[in-house]
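Model, not experiment: these values are computed from the prediction.
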Amino acid sequence: MKIGVLGLQGDFLEHMKMLELIIDKRDITLVKQPSDIPGLDGLIIPGGESTAIGNLMIKRGIDREIIDRSLPIFGTCAGAIILAKDIIGSDQFSLNLMDIQVERNGYGRQRESFETDLEIPLPSPDGRKKLKKFRGVFIRAPIIKSTGEGVEILSALDSDPVLVRQKNLLASTFHPELTDDPDIHRFFLEKVV
Amino acid sequence: MEGEHMPEKGTDKVKRGLAQMLKGGVIMDVVNAEQAKIAEDAGAVAVMALERVPADIRAAGGVARMADPKKIEEIMDAVTIPVMAKVRIGHFVEAQILEAMGVDYIDESEVLTPADEHNHIDKKKFKVPFVCGARSLGEALRRIGEGAAMIRTKGEAGSGDVVEAVRHVRSVMGSIKKLVNMPEEELMTEAKNMGAPYDLVKETAKLGRLPVVNFAAGGIATPADASLMMQLGSDGIFVGSGIFKSENPAERAKAIVEATTHFDDPAILAQISKGIGKAMKGIDVKTLKEEELLQTRGV
């Protein structure tokens with residue numbers, strides 16, 4: 001299985017380190033050009049600034065290459081914004097793939113950034129429970145305001161979805177790559193790709 | 001709601017985390033809403049809101065202070081990317097004001113006239129993260145010890161001359177390499193010699209890099225300069241006067257953004273460096289007098 005991490009801007013190295021805990025280093029590709037995409041089985045779009053990443057995607061035509069191949073994609077924070085069909089009050093670039101409506105900086109400015117415990121639908125470490133605790137790190141995070149049919153809400157915080165899935169697309173408004181727990185990355189590789 | 005589910009704000013994780021999101025990007029100095037829009041449209045990951053760019057601060061002389069809050073607010077309203085602003089070294093009240101306004105990152109900066117010649121701000125008291133300048137590893141670790149969540153190598157602001165930026169990033173990277181290869185029993189003496197907290201020296205030796213994100217600053221004026229700093233190991237770039245003191249700011253800003261992403265691809269660098277107008281004139285740093293240097297403030 002070959003997995004790419006979009007490396008135009010943001011915390012792509014953190015995602016690569018997470019993947020290295022699960023799969024062989026040689027199967028992880030840093031994606032900076034359209035020619036890096038053929039042969040990939042899945043792609044991660046990292047956290048970063050969605051406007052900057054979007055700009056850089058269009059410039060080299062990476063967006064077309066991704067859309068044409070209907071790749072399985074995991075987007076975190078900025079990555080989730082780039083997947084969204086609807087970004088409230090903005091005409092910025094998105095891949096327009098996932099049926100979610102997002103509000104950028106939904107919790108406010110950096111001083112409102114926070115971390116908290118979430119529950120995600122993966123077995124607990126002792127295997128007894130169907131939910132496990134996962135540290136959610138939210139940095140100038142977007143809020144998913146609504147989801148279309150076919151979008152499964154895997155985890156929510158105060159009724160706002162924070163981890164969602166639509167077929168071969170997975171999006172989180174928080175940053176699993178900033179924790180030591182690779183379980184959401186493993187879920188992407190095993191269940192979504 | 002149980003206690004453990006309560007959101008925690010202003011933790012090291014979220015402060016350092018925002019800097020991690022800026023990596024591989026360019027932070028641009030802007031003095032008004034119009035420039036902030038140009039920077040955002042060009043792909044900047046953040047803007048630094050200022051009253052004057054460093055080249056103009058240098059030319060104007062006098063005391064340089066925190067920008068007028070009205071000016072900063074105007075810039076905050078104009079863009080969706082993070083907005084940073086500068087305070088004088090040691091001026092914790094300027095920092096309190098910026099935090100109250102909701103500025104996303106505070107730069108405790110040598111570009112402004114220092115308010116305290118002995119002490120920096122106790123940055124751990126704040127929920128908003130700080131970035132600080134450094135010329136060496138010891139200086140960087142002292143600032144991190146005070147609570148800085150991000151470091152920028154200082155260079156010489158407003159000069160347009162990259163030589164000091166190169167010197168400082170090489171110094172930091174070289175010292176880290178030395179630490180990594182040092183037997184553990186030598187780390188305490190090394191910490192003493194560089195005037196840095198022992199625990200941070202140990203952590204840096206173990207990580208093989210600074211414990212926080214490290215951008216380059218001070219004299220970057222061309223796409224090639226940006227790539228040079230990235231190839232030397234910086235995590236991203238600050239461009240101060242280099243953009244809005246050039247002939248064609250919008251084109252130069254876009255080219256520097258692309259050069260920071262594709263820093264390891266000379267063919268792309270050649271293509272994007274074409275036809276972007278004249279760079280800022282700049283000052284050869286060797287012609288500056290000792291007292292005109294900004295980098296020696298607050299070490």
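For the set A:G10, A:G136, A:A52, the count of heavy-atom pairs under 4.5 angstrom toward chain B peaks at A:G10. When each of A:R60, A:Q33, A:E14 is checked for heavy-atom pairs under 4.5 Å with chain B, A:R60 comes out on top. In terms of heavy-atom pairs under 4.5 angstrom with chain A, the leader among B:M76, B:R16, B:E99 is B:M76.
Under a 3.5 Å cut-off, the side chain of A:R111 and the backbone N or O of B:K127 do not form any donor-acceptor pair.
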**Criterion salt bridge (charged side-chain N to carboxylate O under 4.0 Å, His left out) on B:D265 and A:K32, from CA distance to verdict** = CA-CA 10 Å; B:D265 191 329; A:K32 290 173 98 169; over 6 Å; no

**Request:** Dump the intermediate steps for side-chain contact (heavy atoms from CB on, under 4.5 Å) on A:I139 and B:Q20, then the final yes or no.
**Result:** CA-CA 10 Å; A:I139 296 175; B:Q20 285 171 280; over 6 Å; no

**Prompt:** For B:K13 and A:R135, what are the C-alpha separation, side-chain angles and deciding distance, and is it a side-chain contact (heavy atoms from CB on, under 4.5 Å)?
**Reply:** CA-CA 11 Å; B:K13 188 101 166 158; A:R135 194 69 176 163; over 6 Å; no

**Asked** Going through the checks in order, is the side-chain contact (heavy atoms from CB on, under 4.5 Å) test met by B:M21 and A:R140?
**Response** CA-CA 10 Å; B:M21 298 311 140; A:R140 286 172 45 93; over 6 Å; no

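Proximity to chain A (any heavy atom under 4.5 Å) is shown, for B:V26, by neither the backbone nor the side chain. In this structure, the portion of A:L56 lying under 4.5 Å from any heavy atom of chain B is its side chain and not its backbone. A:S113 touches chain B through backbone and side chain together, each having a heavy atom under 4.5 Å away. Looking at B:K15, only its backbone comes within 4.5 Å of chain A, counting heavy atoms on both sides. Interface remark: B:V128 contributes no atoms to any contact with chain A (heavy atom separation under 4.5 Å).
The distance from the CD atom of B:E8 to the OG1 atom of A:T116 is 8.0 Å, given to the nearest 0.5 Å. Rounded to the nearest 0.5 Å, atoms CD1 (A:I87) and OG1 (B:T80) are 10.0 Å apart. The structure places CG of A:D11 at 10.5 Å from CG of B:L22, a figure rounded to the nearest 0.5 Å. Between the NZ atom of A:K59 and the CD1 atom of B:I268 there is a distance of 11.0 Å, given to the nearest 0.5 Å.
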Counting only pairs under 3.5 Å, give me each side-chain donor-acceptor contact of residues 184-193 of chain A, with atom names and distances, residues two or more places apart or in other chains.
residue, atom, partner, partner atom, Å
A:H185, NE2, A:H15, ND1, 2.9
A:R186, NH1, A:D183, OD1, 2.8

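At a threshold of 4.5 Å between non-hydrogen side-chain atoms, the residues B:P82 and A:Q110 do not count as touching. Considering only heavy atoms from C-beta on, A:E112 stays 4.5 Å or farther from B:P7 through its side chain. Side-chain contact between A:N55 and B:V257 is absent, with no heavy-atom pair separated by less than 4.5 Å.
Taking a 6.0 Å sphere around CG of B:D77, one finds it holds more than 12 heavy atoms contributed by other residues, nucleotides or ligands. Under a cut-off of 6.0 angstrom, the local environment of CD in A:E20 is crowded, with over 12 non-hydrogen atoms contributed by other residues, nucleotides or ligands.
The stretch residues 64-75 of chain A places none of its residues near chain B, where near means some heavy atom under 4.5 Å from a heavy atom of that chain.
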